[in-house]
*Asks:* 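This structure is in C-alpha coordinates; I'll ask about it shortly.
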Amino acid sequence: MGKVVVTGIGVVAPNGIGIDTYWRNLISGKSYIEKSDFMENLGFNSKVASTIKNFNLEEYNVKKLFPSLEKEDKFVQYGVLSGKLSLDDSLLDYKNLKKEECGVIFASAIGGTTSVAKTFEDLSDYGKSPITYKPIGPNFYNSGMFNHSASLLSKSYGFEGYCMSLSTGCTAGLDALGLGYEAIKNGEASVMLVGSSEAPHVGFTYATLDIIGSLSVAEGDPSRASRPFDKKRAGFVIGEGASFLVLENEAHAIKRGAKIYGEITSFYSLSNAHHMTDLKADGESMSEVINRALTLGEVLPSDIDYINAHGSSTPQNDLFETNAYKNVFGDRAYDIPISSTKSMIGHSLSSASLMGATSALMSIKTSKIHPTINYEFEDEQCDLNYVPNHFVEKEVNTALVTASGFGGIHSAAIFKKYGGIPL
(Lines give C-alpha, C1' and ligand atoms only; values in the text may rest on other atoms or scores of the structure.)
Protein backbone atom coordinates (compact mmCIF):
# COMPACT_ATOMS: atom_id res chain seq x y z
CA MET A 1 0.00 0.00 0.00
CA GLY A 2 2.96 2.36 -0.45
CA LYS A 3 5.37 3.94 1.97
CA VAL A 4 4.58 5.30 5.44
CA VAL A 5 6.10 8.70 6.15
CA VAL A 6 6.36 11.03 9.15
CA THR A 7 5.00 14.52 8.52
CA GLY A 8 4.64 16.04 11.98
CA ILE A 9 6.42 15.93 15.34
CA GLY A 10 5.29 17.20 18.73
CA VAL A 11 7.41 17.02 21.88
CA VAL A 12 6.87 18.03 25.50
CA ALA A 13 10.09 17.29 27.40
CA PRO A 14 12.31 18.60 30.20
CA ASN A 15 14.64 20.15 27.62
CA GLY A 16 11.93 21.95 25.71
CA ILE A 17 8.44 22.05 24.27
CA GLY A 18 8.25 21.84 20.48
CA ILE A 19 10.56 19.97 18.16
CA ASP A 20 12.91 22.85 17.40
CA THR A 21 13.69 23.63 21.05
CA TYR A 22 13.92 19.95 21.94
CA TRP A 23 16.40 19.22 19.16
CA ARG A 24 18.52 22.32 19.69
CA ASN A 25 18.99 21.45 23.36
CA LEU A 26 19.80 17.82 22.62
CA ILE A 27 22.50 18.86 20.20
CA SER A 28 23.93 21.25 22.82
CA GLY A 29 24.59 18.28 25.14
CA LYS A 30 23.08 19.97 28.18
CA SER A 31 21.80 17.90 31.10
CA TYR A 32 18.29 18.53 32.41
CA ILE A 33 18.73 16.30 35.45
CA GLU A 34 18.73 17.84 38.92
CA LYS A 35 18.73 16.91 42.58
CA SER A 36 15.21 16.15 43.86
CA ASP A 37 14.59 17.47 47.37
CA PHE A 38 11.29 15.58 47.32
CA MET A 39 13.04 12.24 46.80
CA GLU A 40 15.67 13.07 49.40
CA ASN A 41 13.04 14.04 51.98
CA LEU A 42 11.26 10.73 51.45
CA GLY A 43 14.50 8.88 52.12
CA PHE A 44 15.01 7.20 48.75
CA ASN A 45 18.39 5.89 47.65
CA SER A 46 18.09 7.83 44.41
CA LYS A 47 17.82 11.60 44.74
CA VAL A 48 17.74 12.85 41.14
CA ALA A 49 15.04 13.45 38.53
CA SER A 50 14.38 15.22 35.25
CA THR A 51 11.25 17.37 35.28
CA ILE A 52 9.45 19.85 33.04
CA LYS A 53 9.80 23.32 34.56
CA ASN A 54 7.22 26.13 34.48
CA PHE A 55 4.68 24.22 32.41
CA ASN A 56 1.77 26.49 31.46
CA LEU A 57 -0.94 25.24 29.10
CA GLU A 58 -2.23 28.77 28.48
CA GLU A 59 0.84 29.49 26.38
CA TYR A 60 -0.15 26.93 23.75
CA ASN A 61 -3.65 27.98 22.67
CA VAL A 62 -5.41 24.76 23.69
CA LYS A 63 -8.54 26.16 25.33
CA LYS A 64 -10.73 26.13 22.22
CA LEU A 65 -10.02 22.52 21.28
CA PHE A 66 -9.60 21.17 24.82
CA PRO A 67 -11.59 23.42 27.19
CA SER A 68 -11.05 21.35 30.36
CA LEU A 69 -7.50 20.13 29.76
CA GLU A 70 -6.00 22.13 32.64
CA LYS A 71 -8.06 20.02 35.08
CA GLU A 72 -6.65 16.71 33.85
CA ASP A 73 -3.70 14.69 35.11
CA LYS A 74 -0.35 15.95 33.86
CA PHE A 75 0.17 12.86 31.70
CA VAL A 76 -3.03 13.77 29.83
CA GLN A 77 -1.97 17.41 29.51
CA TYR A 78 1.47 16.50 28.19
CA GLY A 79 0.07 13.94 25.77
CA VAL A 80 -2.73 16.05 24.34
CA LEU A 81 -0.47 19.10 23.95
CA SER A 82 2.17 16.97 22.24
CA GLY A 83 -0.47 15.56 19.90
CA LYS A 84 -1.69 19.06 19.06
CA LEU A 85 1.87 20.26 18.40
CA SER A 86 2.49 17.35 16.03
CA LEU A 87 -0.66 18.12 14.04
CA ASP A 88 0.21 21.83 13.97
CA ASP A 89 3.68 20.91 12.70
CA SER A 90 2.23 18.67 9.98
CA LEU A 91 0.01 21.50 8.61
CA LEU A 92 -2.77 18.96 8.05
CA ASP A 93 -6.11 20.52 7.23
CA TYR A 94 -7.87 18.21 9.65
CA LYS A 95 -11.30 19.71 8.93
CA ASN A 96 -11.18 18.43 5.34
CA LEU A 97 -9.76 14.96 5.90
CA LYS A 98 -11.62 11.70 5.36
CA LYS A 99 -12.20 11.26 9.07
CA GLU A 100 -12.80 7.51 8.87
CA GLU A 101 -9.26 7.12 7.49
CA CYS A 102 -7.66 8.93 10.45
CA GLY A 103 -6.91 7.46 13.86
CA VAL A 104 -5.04 7.81 17.13
CA ILE A 105 -2.89 5.26 18.95
CA PHE A 106 -1.63 6.32 22.35
CA ALA A 107 0.61 4.68 24.93
CA SER A 108 1.51 5.07 28.58
CA ALA A 109 3.24 2.81 31.08
CA ILE A 110 1.69 4.12 34.30
CA GLY A 111 -0.98 6.60 33.17
CA GLY A 112 -2.44 8.86 35.84
CA THR A 113 -0.62 7.33 38.79
CA THR A 114 0.08 10.83 40.09
CA SER A 115 -3.62 11.66 40.40
CA VAL A 116 -4.50 8.24 41.78
CA ALA A 117 -1.79 8.48 44.45
CA LYS A 118 -2.78 12.03 45.41
CA THR A 119 -6.45 11.06 45.71
CA PHE A 120 -5.56 8.14 47.96
CA GLU A 121 -3.42 10.41 50.14
CA ASP A 122 -6.19 13.02 50.38
CA LEU A 123 -8.91 10.50 51.24
CA SER A 124 -6.84 8.55 53.77
CA ASP A 125 -4.70 11.26 55.37
CA TYR A 126 -1.60 9.81 53.67
CA GLY A 127 -2.60 6.25 54.50
CA LYS A 128 -3.05 6.85 58.22
CA SER A 129 -6.85 6.44 58.16
CA PRO A 130 -9.41 4.31 56.33
CA ILE A 131 -10.51 5.78 53.03
CA THR A 132 -13.66 7.85 53.40
CA TYR A 133 -15.94 8.52 50.49
CA LYS A 134 -16.45 11.97 49.05
CA PRO A 135 -17.28 13.12 45.51
CA ILE A 136 -14.10 14.00 43.64
CA GLY A 137 -15.37 14.64 40.10
CA PRO A 138 -14.72 13.00 36.72
CA ASN A 139 -11.02 13.78 36.39
CA PHE A 140 -10.04 11.00 38.77
CA TYR A 141 -11.73 8.52 36.45
CA ASN A 142 -10.09 10.13 33.43
CA SER A 143 -6.64 9.84 35.00
CA GLY A 144 -7.10 6.10 35.39
CA MET A 145 -8.33 5.60 31.83
CA PHE A 146 -5.28 5.11 29.64
CA ASN A 147 -7.35 5.85 26.55
CA HIS A 148 -8.58 9.26 27.73
CA SER A 149 -5.85 11.18 25.88
CA ALA A 150 -6.56 9.32 22.64
CA SER A 151 -10.28 9.94 23.06
CA LEU A 152 -9.78 13.66 23.61
CA LEU A 153 -7.61 13.96 20.51
CA SER A 154 -9.97 11.87 18.37
CA LYS A 155 -13.00 13.85 19.47
CA SER A 156 -11.41 17.27 19.07
CA TYR A 157 -10.03 16.56 15.59
CA GLY A 158 -12.95 14.40 14.45
CA PHE A 159 -10.84 11.32 13.74
CA GLU A 160 -13.23 8.41 13.32
CA GLY A 161 -10.76 5.57 12.74
CA TYR A 162 -8.66 3.72 15.30
CA CYS A 163 -8.78 5.12 18.83
CA MET A 164 -6.81 2.88 21.14
CA SER A 165 -4.13 2.79 23.81
CA LEU A 166 -1.59 0.26 24.93
CA SER A 167 0.62 -0.22 27.94
CA THR A 168 3.68 -2.31 27.12
CA GLY A 169 5.98 -0.54 29.54
CA CYS A 170 8.99 1.35 28.27
CA THR A 171 8.62 0.12 24.69
CA ALA A 172 5.04 1.37 24.47
CA GLY A 173 5.76 4.58 22.56
CA LEU A 174 7.63 2.70 19.85
CA ASP A 175 4.93 0.02 19.89
CA ALA A 176 2.25 2.69 19.28
CA LEU A 177 4.28 3.86 16.30
CA GLY A 178 4.50 0.27 15.07
CA LEU A 179 0.74 -0.24 15.23
CA GLY A 180 0.11 3.06 13.46
CA TYR A 181 2.63 2.15 10.80
CA GLU A 182 0.96 -1.21 10.23
CA ALA A 183 -2.53 0.35 10.03
CA ILE A 184 -1.38 2.60 7.18
CA LYS A 185 0.74 -0.08 5.53
CA ASN A 186 -2.26 -2.45 5.50
CA GLY A 187 -4.51 0.16 3.92
CA GLU A 188 -6.67 0.65 7.01
CA ALA A 189 -5.81 4.33 7.44
CA SER A 190 -4.30 7.29 5.59
CA VAL A 191 -3.30 9.32 8.68
CA MET A 192 -2.36 8.05 12.12
CA LEU A 193 -1.51 10.16 15.15
CA VAL A 194 0.76 8.06 17.37
CA GLY A 195 2.25 9.03 20.70
CA SER A 196 2.95 8.39 24.34
CA SER A 197 3.02 10.36 27.57
CA GLU A 198 4.17 10.03 31.17
CA ALA A 199 4.10 12.21 34.28
CA PRO A 200 5.47 9.79 36.92
CA HIS A 201 6.86 12.22 39.50
CA VAL A 202 5.11 10.98 42.62
CA GLY A 203 6.34 9.13 45.70
CA PHE A 204 4.58 5.90 44.76
CA THR A 205 6.44 5.65 41.44
CA TYR A 206 9.78 6.58 42.96
CA ALA A 207 9.34 4.02 45.72
CA THR A 208 8.53 1.09 43.44
CA LEU A 209 11.53 1.76 41.20
CA ASP A 210 13.91 2.69 44.00
CA ILE A 211 13.24 -0.45 46.04
CA ILE A 212 14.30 -2.72 43.15
CA GLY A 213 17.48 -0.76 42.53
CA SER A 214 16.54 0.66 39.11
CA LEU A 215 17.09 4.35 39.86
CA SER A 216 20.43 6.07 39.69
CA VAL A 217 22.61 6.18 42.79
CA ALA A 218 25.60 7.61 40.93
CA GLU A 219 27.71 9.79 43.17
CA GLY A 220 28.71 13.37 42.50
CA ASP A 221 27.08 16.11 40.44
CA PRO A 222 23.33 15.33 40.03
CA SER A 223 23.43 16.53 36.42
CA ARG A 224 25.79 13.64 35.64
CA ALA A 225 23.64 10.94 37.24
CA SER A 226 22.52 9.45 33.92
CA ARG A 227 25.64 7.88 32.40
CA PRO A 228 24.67 5.42 29.65
CA PHE A 229 27.43 2.94 28.69
CA ASP A 230 29.87 4.55 31.16
CA LYS A 231 31.68 2.15 33.49
CA LYS A 232 30.31 4.01 36.53
CA ARG A 233 26.69 3.95 35.40
CA ALA A 234 24.45 3.22 38.37
CA GLY A 235 20.81 3.20 37.31
CA PHE A 236 18.40 5.35 35.33
CA VAL A 237 17.01 8.77 36.16
CA ILE A 238 13.24 9.11 36.13
CA GLY A 239 12.02 11.66 33.59
CA GLU A 240 8.69 12.80 32.17
CA GLY A 241 7.10 14.12 29.00
CA ALA A 242 5.37 13.18 25.78
CA SER A 243 6.08 12.73 22.10
CA PHE A 244 3.70 12.38 19.15
CA LEU A 245 4.25 11.75 15.45
CA VAL A 246 1.90 12.22 12.50
CA LEU A 247 2.17 9.26 10.14
CA GLU A 248 0.76 9.37 6.62
CA ASN A 249 0.41 7.23 3.58
CA GLU A 250 2.98 8.49 1.08
CA ALA A 251 0.40 9.31 -1.60
CA HIS A 252 -1.70 11.27 0.91
CA ALA A 253 1.33 13.29 2.02
CA ILE A 254 2.48 14.01 -1.56
CA LYS A 255 -0.99 15.09 -2.67
CA ARG A 256 -1.11 17.82 -0.04
CA GLY A 257 2.53 18.86 -0.48
CA ALA A 258 3.58 17.87 3.04
CA LYS A 259 7.09 18.22 4.41
CA ILE A 260 8.45 14.78 5.24
CA TYR A 261 10.86 14.04 8.07
CA GLY A 262 11.50 10.48 6.98
CA GLU A 263 10.07 7.12 6.06
CA ILE A 264 9.31 4.24 8.42
CA THR A 265 10.59 1.09 6.81
CA SER A 266 9.81 -1.50 9.48
CA PHE A 267 8.90 -2.29 13.07
CA TYR A 268 9.18 -5.42 15.16
CA SER A 269 8.60 -6.41 18.79
CA LEU A 270 8.87 -9.57 20.86
CA SER A 271 9.01 -10.88 24.41
CA ASN A 272 12.18 -12.50 25.71
CA ALA A 273 10.00 -14.80 27.90
CA HIS A 274 12.75 -14.66 30.51
CA HIS A 275 12.17 -12.30 33.43
CA MET A 276 10.23 -9.21 34.46
CA THR A 277 13.35 -7.04 34.73
CA ASP A 278 16.52 -9.11 34.27
CA LEU A 279 18.27 -9.31 30.93
CA LYS A 280 20.64 -11.95 29.62
CA ALA A 281 23.98 -10.28 28.94
CA ASP A 282 24.36 -11.95 25.54
CA GLY A 283 21.74 -9.62 24.01
CA GLU A 284 20.26 -12.40 21.88
CA SER A 285 16.62 -11.36 22.32
CA MET A 286 17.34 -7.82 21.13
CA SER A 287 19.46 -9.24 18.29
CA GLU A 288 16.43 -11.19 17.13
CA VAL A 289 14.24 -8.07 17.15
CA ILE A 290 16.78 -6.06 15.16
CA ASN A 291 17.34 -8.84 12.63
CA ARG A 292 13.61 -9.21 12.03
CA ALA A 293 13.19 -5.45 11.61
CA LEU A 294 16.04 -5.44 9.09
CA THR A 295 14.49 -8.32 7.16
CA LEU A 296 11.00 -6.82 7.14
CA GLY A 297 12.34 -3.48 5.94
CA GLU A 298 14.63 -5.09 3.35
CA VAL A 299 17.48 -3.19 5.00
CA LEU A 300 21.02 -4.57 5.14
CA PRO A 301 23.06 -4.30 8.34
CA SER A 302 25.56 -2.29 6.32
CA ASP A 303 22.84 0.31 5.61
CA ILE A 304 22.47 1.45 9.22
CA ASP A 305 24.13 4.85 9.72
CA TYR A 306 23.00 5.58 13.29
CA ILE A 307 21.43 3.85 16.30
CA ASN A 308 19.37 5.60 18.95
CA ALA A 309 19.72 3.16 21.83
CA HIS A 310 17.49 2.46 24.80
CA GLY A 311 20.65 3.41 26.73
CA SER A 312 19.03 3.51 30.16
CA SER A 313 22.27 3.77 32.18
CA THR A 314 21.67 0.55 34.11
CA PRO A 315 24.59 -1.89 34.27
CA GLN A 316 22.73 -4.77 32.65
CA ASN A 317 20.77 -2.92 29.94
CA ASP A 318 23.77 -1.15 28.45
CA LEU A 319 25.80 -4.36 28.28
CA PHE A 320 22.79 -6.23 26.86
CA GLU A 321 22.32 -3.66 24.09
CA THR A 322 26.02 -3.43 23.31
CA ASN A 323 26.22 -7.18 22.82
CA ALA A 324 23.06 -7.16 20.69
CA TYR A 325 24.64 -4.61 18.35
CA LYS A 326 27.82 -6.67 18.14
CA ASN A 327 25.78 -9.79 17.35
CA VAL A 328 23.94 -8.10 14.50
CA PHE A 329 26.59 -5.82 13.01
CA GLY A 330 29.80 -7.69 13.79
CA ASP A 331 32.96 -5.60 13.50
CA ARG A 332 30.96 -2.78 11.89
CA ALA A 333 29.24 -2.20 15.24
CA TYR A 334 32.37 -0.29 16.26
CA ASP A 335 31.85 2.22 13.45
CA ILE A 336 28.15 2.99 13.86
CA PRO A 337 27.40 6.09 15.99
CA ILE A 338 25.18 5.13 18.92
CA SER A 339 23.65 7.62 21.34
CA SER A 340 21.25 7.72 24.27
CA THR A 341 18.73 10.54 24.58
CA LYS A 342 18.24 9.52 28.22
CA SER A 343 21.69 10.82 29.12
CA MET A 344 20.26 14.36 29.03
CA ILE A 345 16.56 14.10 29.92
CA GLY A 346 16.33 10.86 31.85
CA HIS A 347 13.97 7.96 31.26
CA SER A 348 10.34 8.94 30.72
CA LEU A 349 9.13 5.33 30.56
CA SER A 350 6.85 4.76 27.53
CA SER A 351 7.49 8.12 25.92
CA ALA A 352 11.27 7.66 26.05
CA SER A 353 11.21 5.24 23.11
CA LEU A 354 9.23 7.65 20.96
CA MET A 355 11.54 10.51 21.94
CA GLY A 356 14.33 8.27 20.69
CA ALA A 357 12.47 7.86 17.40
CA THR A 358 12.04 11.63 17.21
CA SER A 359 15.78 12.07 17.76
CA ALA A 360 16.55 9.60 14.98
CA LEU A 361 14.26 11.43 12.56
CA MET A 362 15.94 14.73 13.38
CA SER A 363 19.35 13.17 12.75
CA ILE A 364 18.09 12.12 9.33
CA LYS A 365 16.79 15.63 8.67
CA THR A 366 19.73 17.66 10.00
CA SER A 367 22.74 15.34 9.49
CA LYS A 368 23.62 15.79 13.15
CA ILE A 369 23.77 13.11 15.87
CA HIS A 370 23.25 14.18 19.46
CA PRO A 371 25.77 13.01 22.07
CA THR A 372 25.64 10.58 24.94
CA ILE A 373 26.74 12.94 27.68
CA ASN A 374 28.46 12.11 30.98
CA TYR A 375 30.60 9.50 29.27
CA GLU A 376 33.87 9.60 31.23
CA PHE A 377 35.05 6.11 32.13
CA GLU A 378 35.40 3.50 29.40
CA ASP A 379 33.91 0.09 30.07
CA GLU A 380 35.91 -2.69 28.44
CA GLN A 381 32.66 -4.56 27.75
CA CYS A 382 30.75 -1.51 26.48
CA ASP A 383 33.32 -0.41 23.93
CA LEU A 384 31.39 0.91 20.93
CA ASN A 385 31.07 4.44 19.53
CA TYR A 386 28.54 6.07 21.85
CA VAL A 387 29.10 9.62 20.51
CA PRO A 388 30.63 10.72 23.81
CA ASN A 389 29.80 14.19 25.17
CA HIS A 390 29.65 16.17 21.91
CA PHE A 391 27.39 15.96 18.88
CA VAL A 392 28.81 14.89 15.53
CA GLU A 393 27.92 15.88 11.99
CA LYS A 394 27.17 12.89 9.80
CA GLU A 395 24.78 12.19 6.97
CA VAL A 396 22.19 9.73 8.22
CA ASN A 397 20.21 7.92 5.55
CA THR A 398 19.01 5.00 7.68
CA ALA A 399 18.57 4.91 11.47
CA LEU A 400 17.68 2.18 13.93
CA VAL A 401 15.83 2.79 17.21
CA THR A 402 15.74 0.14 19.94
CA ALA A 403 13.80 -0.05 23.20
CA SER A 404 13.36 -2.50 26.08
CA GLY A 405 10.82 -2.61 28.88
CA PHE A 406 9.76 -4.29 32.08
CA GLY A 407 8.07 -7.56 31.30
CA GLY A 408 10.83 -8.58 28.90
CA ILE A 409 9.58 -6.72 25.84
CA HIS A 410 12.00 -5.52 23.16
CA SER A 411 11.08 -3.38 20.13
CA ALA A 412 12.89 -1.87 17.17
CA ALA A 413 11.99 0.45 14.30
CA ILE A 414 13.95 1.54 11.25
CA PHE A 415 13.69 4.96 9.61
CA LYS A 416 15.02 6.14 6.24
CA LYS A 417 15.61 9.45 4.58
CA TYR A 418 12.77 10.13 2.16
CA GLY A 419 13.88 11.04 -1.33
CA GLY A 420 10.61 12.01 -2.98
CA ILE A 421 10.24 15.50 -1.49
CA PRO A 422 13.06 17.84 -0.42
CA LEU A 423 13.31 18.04 3.38
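Please read all numbers here as calculations on a predicted model, not as lab measurements. Just so you know, these numbers use all the heavy atoms, side chains as well, and skip hydrogens, waters and symmetry mates. Numbers here simply count residues along the sequence, with the first being 1.
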*Asks:* Specify the closest pair of heavy atoms between S197 and Y78, including all atoms of both residues, with the distance to one decimal.
*Replies:*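 Scanning both residues completely, I find the closest heavy atoms to be OG-CB, 3.4 Å.
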*Asks:* Around E378, counting heavy atoms of other residues, nucleotides and ligands shown, do more than 12 lie under 6.0 Å from its CD?
*Replies:* no
*Asks:* Closer than 3.5 angstrom, by distance alone: can the side chain of S50 be matched with the main-chain N or O of Y32 as a donor-acceptor pair?
*Replies:* yes
*Asks:* Identify the two heavy atoms, one from A412 and one from L400, that lie closest to each other, and give their separation to 0.1 Å.
*Replies:* CB-CD1, 4.1 Å
*Asks:* Starting at NZ of K326, measure out to CD of Q381 and round the result to the nearest 0.5 Å.
*Replies:*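 Reported to 0.5 Å precision, the distance equals 8.0 Å.
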*Asks:* Can you check ring pair (Phe, Tyr, Trp, His ring centres under 6.0 Å) on Y181 and F267, steps first, answer last?
*Replies:* CA-CA 8 Å; Y181 161 76; F267 164 82; 7.8 Å; no
*Asks:* Which pair of heavy atoms, one from C170 and one from S404, lies closest together, and at what distance?
*Replies:*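 Minimum heavy-atom contact is CB-O, 3.4 Å.
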*Asks:* Can you tell me how far CG of L177 sits from OG of S196, rounded to the nearest 0.5 angstrom?
*Replies:* 9.5 Å
*Asks:* Any donor-acceptor pair under 3.5 Å linking the side-chain atoms of S108 with those of E198?
*Replies:*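 On atom types as modelled, these side chains qualify, holding a pair under 3.5 Å.
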*Asks:* Just by distance, no angles: are the side chains of Y268 and H410 close enough, under 3.5 Å, to form a donor-acceptor pair?
*Replies:* no
*Asks:* Could you tell me how the ring of F55 sits relative to the ring of Y60: parallel (under 30°), tilted (30 to 60°) or perpendicular (over 60°)?
*Replies:*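 Parallel.
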*Asks:* If we only count heavy atoms from C-beta on, is the K98 to S190 side-chain gap below 4.5 Å?
*Replies:* no
*Asks:* Short question: side chain of S86, backbone of V246 - any donor-acceptor pair under 3.5 Å?
*Replies:* no
*Asks:* Main chain of L87, side chain of S90: is a donor-acceptor contact present, judged purely on distance under 3.5 Å?
*Replies:* yes
*Asks:* Would you find a donor on one side and an acceptor on the other, under 3.5 Å apart, between the side chain of Q77 and the backbone of E72?
*Replies:* yes
*Asks:* Is there a donor-acceptor pair under 3.5 Å between the side chain of S266 and the backbone N or O of A293?
*Replies:* yes
*Asks:* Determine, stepwise, if the pair N15 / K30 fulfils side chain to side chain contact (heavy atoms under 4.5 Å, CB included).
*Replies:* CA-CA 8 Å; N15 67 339; K30 180 182 176 182; over 6 Å; no
*Asks:* Mind checking the CD1-CD spacing from I264 to E182? Nearest 0.5 Å is all I need.
*Replies:*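 Answer rounded to 0.5 Å: 10.5 Å.
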*Asks:* Looking at N147, is its backbone amide N or carbonyl O close enough to the side chain of S151 to form a donor-acceptor pair, meaning the two atoms are under 3.5 Å apart?
*Replies:* yes
*Asks:* With distance as the sole criterion, is a donor-acceptor pair present between the side chains of Y375 and S343 under 3.5 Å?
*Replies:*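 No, no side-chain donor-acceptor contact under 3.5 Å.
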*Asks:* Compare all side-chain heavy atoms of Y157 with those of V191 and state whether any distance is below 4.5 angstrom.
*Replies:* no
*Asks:* Taking the basic N atoms (NZ, or NE/NH1/NH2) and the acidic carboxylate oxygens, is any pair closer than 4.0 Å for R24 and D20?
*Replies:*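 Result for this pair is no, no salt bridge flagged.
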*Asks:* Does any non-hydrogen side-chain atom of K280 lie less than 4.5 Å from one of N272?
*Replies:*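 Sidechains of K280 and N272: no contact.
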*Asks:* So, are E395 and K417 salt-bridged, with charged N and O less than 4.0 Å apart?
*Replies:* yes
*Asks:* Measure the CD1-CG distance between I345 and L26 for me, rounded to the nearest 0.5 Å.
*Replies:* 6.0 Å
*Asks:* Is any NZ, NE, NH1 or NH2 atom of the basic residue among R224 and E376 found under 4.0 Å from an Asp or Glu carboxylate oxygen of the other?
*Replies:* yes
*Asks:* If the condition is ring pair (Phe, Tyr, Trp, His ring centres under 6.0 Å), which residues does H310 pass it with, not counting sequence neighbours?
*Replies:*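 Listed in chain order: H347.
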*Asks:* With a 6.0 Å cut-off (strictly less than), is the heavy-atom count around CG of D331, excluding the residue itself, greater than 12?
*Replies:*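 Not more than 12 within 6.0 Å, no.
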*Asks:* What verdict does the side chain to side chain contact (heavy atoms under 4.5 Å, CB included) test give for R256 and L92, after you've listed the backbone C-alpha separation in whole Å, the side-chain angles of each residue and the deciding distance to 0.1 Å?
*Replies:* CA-CA 8 Å; R256 70 180 189 87; L92 267 169; 3.4 Å; yes
*Asks:* How about F38: does its CZ atom have over 12 heavy atoms from other parts shown lying under 6.0 Å from it?
*Replies:* yes
*Asks:* Is V80 close to V62 at the side-chain level, that is, under 4.5 Å between some pair of heavy atoms?
*Replies:*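 They are not in contact (no side-chain heavy atoms under 4.5 Å apart), so the answer is no.
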*Asks:* Would the distance check show the side chain of T208 and the main-chain N or O of T205 forming a donor-acceptor pair, the cut-off being under 3.5 Å?
*Replies:* yes
*Asks:* Side chains of Y22 and S359: do they bring a donor and an acceptor to under 3.5 Å?
*Replies:* yes
*Asks:* Would you mind reporting whether L85 and L81 have side-chain heavy atoms less than 4.5 Å apart?
*Replies:*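 With C-beta onward as the side chain, the pair touches.
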*Asks:* Working note: V299 + I304, criterion side chain to side chain contact (heavy atoms under 4.5 Å, CB included); need CA distance, chi angles, decisive distance, verdict.
*Replies:* CA-CA 8 Å; V299 175; I304 299 297; 4.1 Å; yes
*Asks:* Would you please test E240 and K74 for salt bridge (charged side-chain N to carboxylate O under 4.0 Å, His left out) and show each step?
*Replies:* CA-CA 10 Å; E240 65 177 339; K74 272 290 189 341; over 6 Å; no
*Asks:* So how far is it from C102 SG to L153 CG, rounded to the nearest 0.5 Å?
*Replies:* 13.0 Å
*Asks:* Are side-chain heavy atoms of D89 and K259 found at a separation under 4.5 Å?
*Replies:*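 Side-chain contact under 4.5 Å: yes.
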*Asks:* For atom CD of E298, decide whether the heavy atoms of other residues, nucleotides or ligands shown that lie under 6.0 angstrom number more than 12.
*Replies:*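 No.
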*Asks:* Check for a donor-acceptor pair, side chain of S313 on one end and backbone N or O of S226 on the other, with a separation under 3.5 Å.
*Replies:*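 No; zero donor-acceptor contacts below 3.5 Å.
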*Asks:* Measure the spacing between OG1 of T7 and CG of L245 and express it to the nearest 0.5 Å.
*Replies:*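 One finds 9.0 Å between OG1 of T7 and CG of L245.
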*Asks:* Just jot down the ring pair (Phe, Tyr, Trp, His ring centres under 6.0 Å) partners of F415, sequence neighbours excluded, or say none.
*Replies:* none
*Asks:* Hey, does P388 have a side-chain heavy atom less than 4.5 Å from the side chain of F229?
*Replies:*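 No. Closest side-chain heavy atoms not under 4.5 Å.
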*Asks:* Is R233 salt-bridged to D318, cutoff N-O under 4.0 Å?
*Replies:* yes
*Asks:* Determine the minimum heavy-atom distance between V401 and S353, stating which atoms define it.
*Replies:*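 So the two residues come closest at CG1-O, 4.1 Å.
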*Asks:* For P371 and I27, which heavy atoms make the closest approach, and how far apart are they?
*Replies:*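 In terms of heavy atoms, the two residues are closest at CD-O, 4.2 Å.
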*Asks:* Under a 3.5 Å threshold, yes or no: a donor from one side chain and an acceptor from the other, between Y162 and S154?
*Replies:*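 No pair is found: no donor N or O on one side chain lies under 3.5 Å from an acceptor on the other.
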*Asks:* Give a yes or no on this: more than 12 heavy atoms of other residues, nucleotides or ligands lie within 6.0 Å of atom CD1 of I211.
*Replies:* no
*Asks:* Between S149 (side chain only) and G79 (backbone N and O only), is there a donor and an acceptor less than 3.5 Å apart?
*Replies:* no
*Asks:* Which label fits H370 and Y306: parallel for a plane angle under 30°, tilted from 30 to 60°, or perpendicular past 60°?
*Replies:* perpendicular
*Asks:* Quick one: does any side-chain atom of N323 pair with a main-chain N or O of G283 as donor and acceptor, under 3.5 Å?
*Replies:* no
*Asks:* Using side chain to side chain donor-acceptor pair (under 3.5 Å), reason through T402 and Y325 one step at a time and then give a plain yes or no.
*Replies:* CA-CA 10 Å; T402 58; Y325 302 146; 2.8 Å; yes
*Asks:* Mind listing the closest non-hydrogen atom pair of P200 and I110 along with its distance?
*Replies:*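 Minimum heavy-atom separation between P200 and I110: CB-CD1, 3.4 Å.
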*Asks:* Got a sec: does the NZ of K232 have more than 12 other heavy atoms crowding it under 6.0 Å?
*Replies:* no
*Asks:* Any non-hydrogen side-chain atom of N397 less than 4.5 Å from a side-chain atom of D303?
*Replies:* no
*Asks:* Ignoring hydrogens and geometry beyond distance, is a side-chain donor-acceptor pair present between D175 and S411 at under 3.5 Å?
*Replies:*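 Present: a donor and an acceptor within the cut-off.
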*Asks:* Run the numbers on T341 and T358 for side chain to side chain contact (heavy atoms under 4.5 Å, CB included), then give the verdict.
*Replies:* CA-CA 10 Å; T341 307; T358 294; over 6 Å; no
